[in-house]
*Asks:* 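This is the structure, below, for whatever I ask next.
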Amino acid sequence: MDIILTNNGYEVINLGIKVGVNEMLAAVEEHQADALGMSGLLVKSTLIMRENLELMNERGMQNVPVLLGGAALTRTFVERDLRTVYQGRVFYGKDAFEGLRVLDRLGELRRGECDDPTFGRVISERKVSRRVRGEADEAPEGLPDRSPDVDTDNPIFVPPFLGSRVAKGMSVDEISDYLNLTALFRNQWGFRPENGEDDPAFKERVSATLREQLAIAKQEDLLIPQVVWGHYAVASQGDDLIVYCDDTRDREATRFTFPRQHVAPHLCIADFFRSVESDDKDYASFMLVTMGPRVSERCQELFTQNHYSDYLMLHGLGVEMAEALAELWHRRIREELGFAEEDGPTLTGLFRQQYRGGRYSWGYPACPDLADNAKVAGLLEASRIGVSVSEGFQLHPEQTTDAIIVHHPMAKYFVA
Ligand code: B12
C-alpha cells in the first residue's frame, strides 16, 4: 500500500503494525493528514476498526476520510456496516490500487474539482449487521451433542510421548521444500507468467529469485525456525475438548470449546475425538511454529531505509516459510503417530489435505476463537521459543502459527 501510494506522489506516514488508535489519531493531527488508512489481517481487528471510527466521531475527526483494507475485511462490511458507524467518509480498498483511486478522487473533491456528498458515505439507512454491533451469532436450540455422521470407531494412534518438546535449528532448505510456490510467487511477490509461459516454466523462472532470497536470508541468519509441539491425552464432552495433564486423565490441563455447525451434518472439532464416556483413550497433538523475530526486524529496517523491493521479497518469504514450517511439522507429527505413509504423493496433494486427519489453526472457520491462541501457547509453554500472545490474541513474532492436529480421517476443513 505504502509503496504504491509513495510511487504515485503521495506522502505516506507509515506507523507500522499493531498501532494503538491514540498514536494513529495523534499522527493524523500532527501531519494534518488528508486521510487515514488502516489494514486488518485478523477478524479481531475489524471490531477494533469499528471502535476506532466511533472514537473519531467522538473526537470530532469525521472530516478525515478513512480507508480500510486487509484480509479480514469485506466490501459489504465496510460499505454497508461501517459507513453507518462513521460520520465521515469511509472506503474499502480491495487492493492498494483501489486505495490509490480513492485518494485521487478525494483530492479532486478537496480541490473543488467535483462535488459528491455521497462519496464514501451511507446513502440509505440499512439494517446494521450483528457483526458491526460486535455480537456473536447465537446457536439455535436443539443442536445435537455430537454429529451423527462422524464415526466413533476409527483407529486411535498412541503417540510416542506425552507432553511437549522443543525443536530448534532445522535446516532452512528442508523447510523450503514445503513452500507453496504459487502463494509465494503470485500472492506475496506479485509475479505472473510471461510470454505464454505455462505454470512449470513460470515456477522454474521465479525459482532463481527464490534461491537468491534464501541465500541472503541464510547468510544474514534472518530465518530462525523453532517449534514447540506435543501430544496429549484428550476426551470430548459435547462441544468441548478436554486436554488432560497426563494419561491418568484425572486432571484437566485445559479445555477448548469449539463451535458446532448450525446445519447438517452439525460438525464440531470435538466430535473427532472419543467422548469422556468412552472406554477408549484418545489423543490430540498441538504445535506452534515460528520463523523467529529477526525476519520482522530486518523487514522493518529495509522499509525505513526505503528498500521497498527487498522488503517485499523478504516479508513474503518469511510469511510463506512460516506456513511451510507448519506443513513440515504436521508431516513430522504424522510420522510420530505412525500414519505418514498414507500421505498423498505430491506437495500440492498435501496442501489439499491428502493425509489422514487434519490441522486446524485458531482463527479459521472451524475454530474461530483467537483467544484460544493463548491457551495453546500456555499448554505448550511457547515462551521457550520466544513466542508470546498479545492482548488482541495475536502471536508474536509475526511469522508464527499454531494448530491442533487431529488424526480422525473425517477431520477436514469445514465451516462452523
Ligand atoms: C500468509 C498468511 C499467514 C502467515 C503470515 C501472516 C502475516 N502477518 O503476514 C502466517 C502463516 C504467519 C499466518 C498466521 C496466522 N494467520 Co494467517 N493468513 C495468511 C493468508 C493466507 C495470506 C495473508 C497475506 O499475506 N496476504 C498477502 C497480502 C499482500 O495481502 P493483504 O494483507 O490482504 O493486503 C492486500 C489487500 O488486502 C489490500 N489491503 C490490505 N490492507 C489495506 C489497507 C488499505 C487502506 C487498503 C486500501 C488496502 C489494503 O492491499 C493489499 C495488497 O493488495 C491469509 C488468507 C488470505 N487469503 O488473505 C490468512 C489469514 C489472514 N490468517 C488468518 C489466521 C486466523 C491466522 C492465525 C491466527 C492462525 C493461527 N492460529 O496460527 C495466525 C496469526 C499470526 C499472528 N502472528 O498472530 C485468518 C484471519 C481471519 C481471522 N479469523 O482473524 C486469514 C484471513 C485466513 C482465513 N481465511 O481465515 N497467516
Side-chain angles (χ1 to χ4, degrees), residues 1-5 10 12 14-15 17-18 24 35-49 65-75 78 90-103 106 120 131 178-180 182-190 225 286-293 295-296 299 311-312 314-327 329 351 359-377 380 382 387-404 413 415-416:
M1 183 78 199
D2 186 346
I3 298 163
I4 306 286
L5 296 183
Y10 287 93
V12 177
N14 189 332
L15 300 174
I17 58 171
K18 291 171 251 144
M24 273 191 247
L36 170 65
M38 296 188 275
S39 183
L41 200 62
L42 298 181
V43 164
K44 185 104 190 142
S45 47
T46 60
L47 293 178
I48 294 170
M49 282 184 189
V66 175
L67 276 73
L68 302 173
L73 293 165
T74 61
R75 186 174 300 283
V78 174
V90 60
F91 304 90
Y92 173 71
K94 160 172 77 49
D95 52 29
F97 295 101
E98 187 171 352
L100 176 63
R101 283 195 299 277
V102 169
L103 283 181
L106 285 169
R131 189 166 163 214
Y178 284 80
L179 275 172
N180 182 333
T182 302
L184 177 60
F185 294 173
R186 289 174 182 254
N187 307 350
Q188 299 292 345
W189 286 353
F286 296 84
M287 71 177 192
L288 195 149
V289 312
T290 183
M291 291 311 293
V295 55
S296 299
C299 281
Y311 159 82
L312 264 184
L314 180 61
H315 186 265
L317 181 67
V319 161
E320 292 304 327
M321 283 293 279
E323 203 56 62
L325 178 55
E327 200 66 60
W329 218 262
F351 298 148
R359 164 164 57 104
Y360 300 96
S361 282
W362 278 271
Y364 276 74
C367 49
D369 192 358
L370 287 171
D372 285 346
N373 281 336
K375 286 190 193 170
V376 179
L380 294 174
V387 171
S388 61
V389 182
S390 73
E391 263 182 49
F393 303 112
Q394 270 185 269
L395 300 162
H396 300 282
E398 185 190 346
Q399 318 302 1
T400 303
T401 183
D402 63 7
I404 177 173
Y413 295 144
V415 177

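Whatever order the structure lists them in is the order used to number ligands and atoms, beginning at 1.
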*Asks:* Tell me the contacting part of His396 for ligand 1: side chain, backbone, both, or neither, using a 4.0 Å heavy-atom threshold, strictly below.
*Replies:*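 Near ligand 1, His396 shows nothing, with every heavy atom at 4.0 Å or more.
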*Asks:* Tell me whether the rings of Tyr413 and Tyr360 are parallel (<30°), tilted (30 to 60°) or perpendicular (>60°).
*Replies:*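 It falls in the perpendicular class, over 60°.
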*Asks:* N/O of Gln188 under 3.5 Å from N/O of ligand 1, yes or no?
*Replies:*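 Yes, at least one N or O pair falls under 3.5 Å.
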*Asks:* Glu98: heavy atom below 4.0 Å from ligand 1, yes or no?
*Replies:*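 False for this residue.
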*Asks:* Side chains of Leu68 and Met49, heavy atoms from C-beta outward: is any pair under 4.5 Å?
*Replies:*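 Result yes, sub-4.5 Å side-chain heavy-atom pair found.
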*Asks:* As a check for students: among Lys94, Gln399, His315, identify the option with a heavy atom nearest to atom 38 (C) of ligand 1.
*Replies:*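 Minimum heavy-atom distance to atom 38 (C) of ligand 1 goes to Lys94.
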*Asks:* Counting only heavy atoms closer than 4.0 Å, does ligand 1 sit against the backbone of Asp402, its side chain, both, or neither?
*Replies:*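 Contact part for Asp402 vs ligand 1: both backbone and side chain.
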*Asks:* Under a heavy-atom criterion of less than 4.0 Å, does Ala96 contact ligand 1?
*Replies:*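 So Ala96 counts as touching ligand 1.
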*Asks:* When you compare ligand 1 with Trp362, is there at least one nitrogen or oxygen pair between them that comes in under 3.5 angstrom?
*Replies:*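 Yes, Trp362 has an N/O under 3.5 Å of an N/O on ligand 1.
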*Asks:* Among all residues two or more places apart in sequence or in another chain, which pass the ring pair (Phe, Tyr, Trp, His ring centres under 6.0 Å) test with Tyr311?
*Replies:*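 Testing Tyr311 for ring pair (Phe, Tyr, Trp, His ring centres under 6.0 Å), a comparison that skips the adjacent residues, returns Phe303, His315.
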*Asks:* Using a 3.5 Å cut-off on N or O atoms only, is Glu323 in polar contact with ligand 1?
*Replies:*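 By distance alone, the answer is no.
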*Asks:* Counting heavy atoms only, which of Tyr364, Phe91, Tyr92 comes nearest to atom 79 (C) of ligand 1?
*Replies:*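 Nearest heavy atom to atom 79 (C) of ligand 1 lies in Tyr364.
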*Asks:* Are any of the N or O atoms of Gly37 closer than 3.5 Å to those of ligand 1?
*Replies:*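 The answer is no, given that Gly37 and ligand 1 share no N or O pair closer than 3.5 Å.
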*Asks:* Does the side chain of Phe393 reach to within under 4.5 Å of the side chain of Asp372, using non-hydrogen atoms?
*Replies:*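 SC-SC contact between Phe393 and Asp372 ruled out.
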*Asks:* The criterion is ring pair (Phe, Tyr, Trp, His ring centres under 6.0 Å); which residues satisfy it with Phe91, sequence neighbours excluded?
*Replies:*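 In terms of ring pair (Phe, Tyr, Trp, His ring centres under 6.0 Å), with neighbours along the sequence ignored, Phe91 is linked to Phe119.
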*Asks:* Taking 4.0 angstrom as the limit and counting only heavy atoms of Asn373, give me the atoms of ligand 1 inside it, by number and element.
*Replies:*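 Reading through ligand 1 atom by atom, the close ones are 71 (N).
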*Asks:* Would you say ligand 1 has an N or O under 3.5 Å from any N or O of Thr401?
*Replies:*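 So ligand 1 has an N or O lying under 3.5 Å from an N or O of Thr401.
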*Asks:* So is Gly363 polar-close to ligand 1, meaning N/O to N/O under 3.5 Å?
*Replies:*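 Yes, at least one N or O pair falls under 3.5 Å.
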*Asks:* With a 4.0 Å cut-off on heavy atoms, does Met38 reach ligand 1?
*Replies:*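 So Met38 counts as touching ligand 1.
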*Asks:* Checking Asn373 side chain against Val376 main chain: does a donor-acceptor pair fall under 3.5 Å?
*Replies:*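 A pair under 3.5 Å: no.
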